[in-house]
Chemist: 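Following this message is one structure expressed as C-alpha cells.
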Amino acid sequence: MMIDLHCHILPGLDDGAKDMEACREMLEAAWADGIRAIVATPHFNSQMPADYMKRRNLTLAAVSRMAEKLHPGFRLFPGFELYFDSTIPDQLAAGKPLSLNGTKYVLVEFLPGAEYSYIQRAVQEIQYAGFWPVLAHMERYEALAEEERIQELIDMGAFMQMNAGSLLGRYGWKRTRQLWTYVRKEQIHVIGCDAHDARIRGFRMTECRKAIGKKAGSEYQKRLCGGSALAIIKGEYLGE
C-alpha cells in the first residue's frame with residue numbers, strides 16, 4: 001500500500017489546498033496515483049494563531065469524511081510540517097500534539113540555506129525532547145549536499161524524507177543524479193509527495209515507485225513508498 005507521509009491537503013490552513021473543492025481534487029488525484037493513505041501535514045510555526053490546532057482538527061475530520069465517502073478505506077492521519085525554531089523542542093516536550101499521528105516522529109523543515117550546525121543542533125534538541133526527527137524534503141538543504149553529512153545525521157538518529165518530484169527531475173537532472181546516489185546508498189527512509197494541489201505540485205508516487213524499483217530494487221521500493229510510512233504512522237522505530 002502506498003502512503004504519502006507529507007501532504008498539504010487540508011484546505012485553508014496553509015499554502016496547500018485553498019478550499020474543499022481543491023481538496024476533493026487532491027483526494028481524487030492521490031487515489032488515482034495509487035495512494036491509499038495520507039498523513040496531512042500543514043505547515044506549523046511558533047507564530048500560529050491560538051485557534052490553529054482546533055481548526056486543523058475540525059478540517060481533518062471533515063476531509064476524512066469526504067475521503068471515506070469518495071473511496072471507502074481511504075485514510076487520513078494527523079501531522080504537521082514543523083518549521084524549526086528554538087521553541088519547537090519545548091512545545092514537543094510540553095505535550096503539544098505536533099507529531100505524526102501522535103507518535104514520536106516529527107516532520108521538521110528548515111530554510112534551504114540553514115547551516116549544517118543548526119540542523120545538527122535541531123536534531124539533537126528534538127531528540128532531547130523525546131522525539132524522532134524526520135527531515136522534510138531533505139534534498140532542499142544546501143548543507144546536505146555532502147553525503148557524509150547525511151550519513152552523520154542518520155547515525156545521530158535522524159530520518160530522511162525526499163520528495164517524489166525531486167527524484168524525478170524537478171530540480172534538474174544534474175541534481176537528480178546526485179539524489180539517486182542517496183537512494184542507492186539507502187540514505188533515504190521515506191518518499192513523500194509534498195503535494196500542494198492536484199496538478200502543478202501534485203502526486204507522482206507511482207512514477208517514483210517504478211523508478212526506484214528499477215534502480216534500487218523492489219524491497220527498498222516497498223519501504224520508501226509505503227512500508228516506512230506505515231511504520232511511522234504506527235510509531236515503530238525505523239532505526240536498527
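Please read all numbers here as calculations on a predicted model, not as lab measurements.
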Chemist: Are the side chains of Gln151 and Glu148 in contact, using a 4.5 Å heavy-atom criterion?
Modeler: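 When only atoms from C-beta onward are counted, Gln151 and Glu148 do not touch, as no gap falls below 4.5 Å.
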Chemist: First locate atom CD1 of Ile212, then atom CE of Met205, and finally report the distance between them rounded to the nearest 0.5 Å.
Modeler: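 Going from the CD1 atom of Ile212 to the CE atom of Met205 covers 8.5 Å.
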Chemist: With a 4.0 Å cut-off on N to O distance, would you call Asp194 and Arg201 a salt bridge?
Modeler: yes
Chemist: Side-chain contact test, heavy atoms from C-beta onward, threshold under 4.5 Å: evaluate it for Ser99 versus Lys104 and give yes or no.
Modeler: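 Heavy-atom side-chain distance check fails, nothing below 4.5 Å.
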Chemist: Do you know the tightest heavy-atom contact between Ser166 and Leu179?
Modeler: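 Nearest heavy atoms, Ser166 then Leu179: O-CD1, 3.6 Å.
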Chemist: How long is the span from the CZ atom in Arg149 to the CD atom in Gln187, to the nearest 0.5 Å?
Modeler: 14.0 Å
Chemist: Looking only at atom types and distance, does a side-chain atom of Arg36 sit under 3.5 Å from a main-chain N or O of Trp31, one as donor and one as acceptor?
Modeler: yes
Chemist: Nearest 0.5 Å, what's the CG-CE distance between Leu10 and Met20?
Modeler: 9.0 Å
Chemist: Taking the side chain as C-beta and beyond, is there a heavy-atom pair between Ile9 and Leu76 under 4.5 Å?
Modeler: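 Yes, at least one pair of side-chain atoms sits under 4.5 Å.
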Chemist: Should Leu168 and Val183 be regarded as members of a common hydrophobic cluster, given that ILVMFWY residues are connected when their side-chain heavy atoms come within less than 4.5 Å of each other, either directly or indirectly?
Modeler: no
Chemist: For the pair Arg199 and Glu25, find out whether any cationic side-chain nitrogen is under 4.0 Å from an anionic carboxylate oxygen.
Modeler: yes
Chemist: Between the side chains of Arg65 and Glu68, is the shortest nitrogen-to-carboxylate-oxygen separation below 4.0 Å, so that they form an ion pair?
Modeler: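 Salt bridge absent between Glu68 and Arg65.
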Chemist: Give a yes or no on whether Val106 and Tyr128 share a hydrophobic cluster (residues Ile, Leu, Val, Met, Phe, Trp, Tyr; joining criterion: side-chain heavy atoms under 4.5 Å apart).
Modeler: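 No; Tyr128 is not reachable from Val106 via cluster members.
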Chemist: Find the distance between OG (Ser46) and CD (Gln91) and round it off to the nearest 0.5 Å.
Modeler: 6.5 Å
Chemist: Begin from the C-alpha positions of Ile3 and Phe77 and carry the test side-chain contact (heavy atoms from CB on, under 4.5 Å) through to its verdict.
Modeler: CA-CA 10 Å; Ile3 300 172; Phe77 297 92; 5.9 Å; no
Chemist: Considering only NZ, NE, NH1 and NH2 on the basic side and carboxylate oxygens on the acidic side, decide whether Lys222 and Glu219 come within less than 4.0 Å.
Modeler: yes
Chemist: So which heavy atom on Ala145 is nearest to which on Tyr182, and how close?
Modeler: O-OH, 3.3 Å
Chemist: Ring centres under 6.0 Å, that's the criterion: do Phe110 and Tyr83 meet it?
Modeler: no
Chemist: With a 4.5 Å limit on heavy-atom distance, are the side chains of Ser64 and Leu60 in contact?
Modeler: yes
Chemist: Would the distance check show the side chain of Asp197 and the main-chain N or O of Ile200 forming a donor-acceptor pair, the cut-off being under 3.5 Å?
Modeler: yes
Chemist: For the pair Thr206 (side chain) and Asp33 (backbone), establish whether a donor and an acceptor sit closer than 3.5 Å, ignoring hydrogens and angles.
Modeler: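 Present.
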Chemist: Quick check: are there more than 12 heavy atoms from other residues, nucleotides or ligands sitting under 6.0 Å from CZ of Arg55?
Modeler: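 Count over threshold, so yes.
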Chemist: Donor-acceptor pair, Tyr105 side chain versus Glu236 backbone, under 3.5 Å?
Modeler: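 A pair under 3.5 Å: yes.
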Chemist: So does Leu224 get a backbone contact from the side chain of Ser228, meaning a donor-acceptor N/O pair under 3.5 Å?
Modeler: no
Chemist: What pair of heavy atoms forms the shortest contact from Ser86 to Pro89, and how long is it?
Modeler: O-CD, 3.6 Å
Chemist: Below 4.5 Å, heavy atoms only, C-beta onward: do Met160 and Leu153 meet side chain to side chain?
Modeler: yes
Chemist: For Leu5 versus Thr41, what's the shortest heavy-atom pair and its separation?
Modeler: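 It is O-CG2, 3.5 Å.
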Chemist: If Ile, Leu, Val, Met, Phe, Trp and Tyr residues are connected whenever their side-chain heavy atoms lie under 4.5 Å apart, and connections chain through other members, are Met162 and Leu111 in the same group?
Modeler: no
Chemist: Nearest heavy-atom pair of Pro11 and Thr59: which atoms, and what distance?
Modeler: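 Smallest interatomic distance, heavy atoms only, reads CD-CG2, 3.5 Å.
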Chemist: Can you name the salt bridge (Lys or Arg N to Asp or Glu O under 4.0 Å) partners of Lys69, sequence neighbours left out?
Modeler: none
Chemist: Can you tell me if Tyr118 has over 12 outside heavy atoms packed within less than 6.0 Å of its OH?
Modeler: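 For Tyr118, atom OH is crowded (more than 12 foreign heavy atoms under 6.0 Å).
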Chemist: With clusters built from Ile, Leu, Val, Met, Phe, Trp and Tyr whose side-chain heavy atoms come within less than 4.5 Å, directly or transitively, what are the remaining members of the cluster of Leu58, listed by chain and number?
Modeler: none
Chemist: Checking side-chain contact (heavy atoms from CB on, under 4.5 Å) for the pair Asp4/Val39: CA distance, chi angles, key distance, verdict?
Modeler: CA-CA 6 Å; Asp4 187 4; Val39 182; over 6 Å; no
Chemist: Test: ring pair (Phe, Tyr, Trp, His ring centres under 6.0 Å). Region: residues 196-225. Which pairs qualify, not counting sequence neighbours?
Modeler: His8-His196
Chemist: Ignoring hydrogens and angles, state whether a donor on the side chain of Thr103 or Asn101 is under 3.5 Å from an acceptor on the partner side chain.
Modeler: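 On atom types as modelled, these side chains do not qualify, holding no pair under 3.5 Å.
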Chemist: Taking atom types as modelled and ignoring hydrogens, do the side chains of Tyr116 and Glu152 form a donor-acceptor contact shorter than 3.5 angstrom?
Modeler: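 Glu152 and Tyr116 do have a side-chain donor-acceptor pair below 3.5 Å.
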Chemist: Among Ile154, Leu107, Val108, find the residue that satisfies the side chain to side chain contact (heavy atoms under 4.5 Å, CB included) test when tested with Leu135.
Modeler: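 Result: among Ile154, Leu107, Val108, Val108 is the only option passing the side chain to side chain contact (heavy atoms under 4.5 Å, CB included) with Leu135.
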Chemist: So with a 6.0 Å cut-off around CD of Glu147, is the heavy-atom count from everything else above 12?
Modeler: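 Correct, the count exceeds 12.
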Chemist: With heavy-atom distances below 4.5 Å as the criterion, would you say the side chains of Ile188 and Leu167 are in contact?
Modeler: no
Chemist: Do His6 and Glu109 have a side chain donor and acceptor closer than 3.5 Å?
Modeler: no
Chemist: What verdict does the side-chain contact (heavy atoms from CB on, under 4.5 Å) test give for Cys193 and Ile35, after you've listed the backbone C-alpha separation in whole Å, the side-chain angles of each residue and the deciding distance to 0.1 Å?
Modeler: CA-CA 10 Å; Cys193 292; Ile35 294 166; 4.0 Å; yes
Chemist: Taking 4.0 angstrom as the limit, do Glu186 and Arg223 come out as a salt bridge?
Modeler: yes
Chemist: Starting from the C-alpha separation in whole Å, work towards a yes-or-no answer on side-chain contact (heavy atoms from CB on, under 4.5 Å) for His189 and Gln161.
Modeler: CA-CA 6 Å; His189 298 90; Gln161 181 259 310; over 6 Å; no
Chemist: Do Gln178 and Arg175 have side-chain atoms, one donor and one acceptor, less than 3.5 Å apart?
Modeler: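 Distance-only check passes for Gln178 and Arg175.
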Chemist: Can you confirm whether Gln47 is buried at CD, in the sense that more than 12 heavy atoms of other residues, nucleotides or ligands lie under 6.0 Å from that atom?
Modeler: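 Open: at most 12 neighbouring heavy atoms sit under 6.0 Å from CD of Gln47.
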Chemist: Measure the CZ-CD1 distance between Arg209 and Ile191 for me, rounded to the nearest 0.5 Å.
Modeler: 12.5 Å
Chemist: Could you state the interatomic distance from CD (Glu28) to CZ (Phe74), rounded to the nearest 0.5 Å?
Modeler: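 Taking CD in Glu28 and CZ in Phe74, the distance rounds to 8.5 Å.
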Chemist: Is any side-chain heavy atom of Phe159 less than 4.5 Å from a side-chain heavy atom of Pro133?
Modeler: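 Answer no - side chains too far apart.
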Chemist: Counting the benzene-type ring for Trp, do Phe44 and Phe84 have ring centres under 6.0 Å apart?
Modeler: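 Centroid distance Phe44-Phe84: not below 6.0 Å, so no.
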Chemist: At their closest point, which heavy atom of Glu142 faces which heavy atom of Gly113, and how far apart are they?
Modeler: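 For Glu142 versus Gly113, the nearest heavy atoms are OE1-CA, 4.0 Å.
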Chemist: For the side chain of Asn163 and the backbone of Gly165, is there at least one donor-acceptor N/O pair under 3.5 Å apart?
Modeler: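 Such a contact is absent between Asn163 side chain and Gly165 backbone.
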Chemist: Do Glu146 and Ile150 have side-chain heavy atoms sitting under 4.5 Å apart?
Modeler: no
Chemist: With a 6.0 Å cut-off on ring centres, are Trp132 and Tyr237 close enough?
Modeler: yes
Chemist: Please say yes or no: joined through hydrophobic side-chain contacts below 4.5 Å, possibly via intermediate residues, are Tyr141 and Met156 part of one cluster?
Modeler: yes
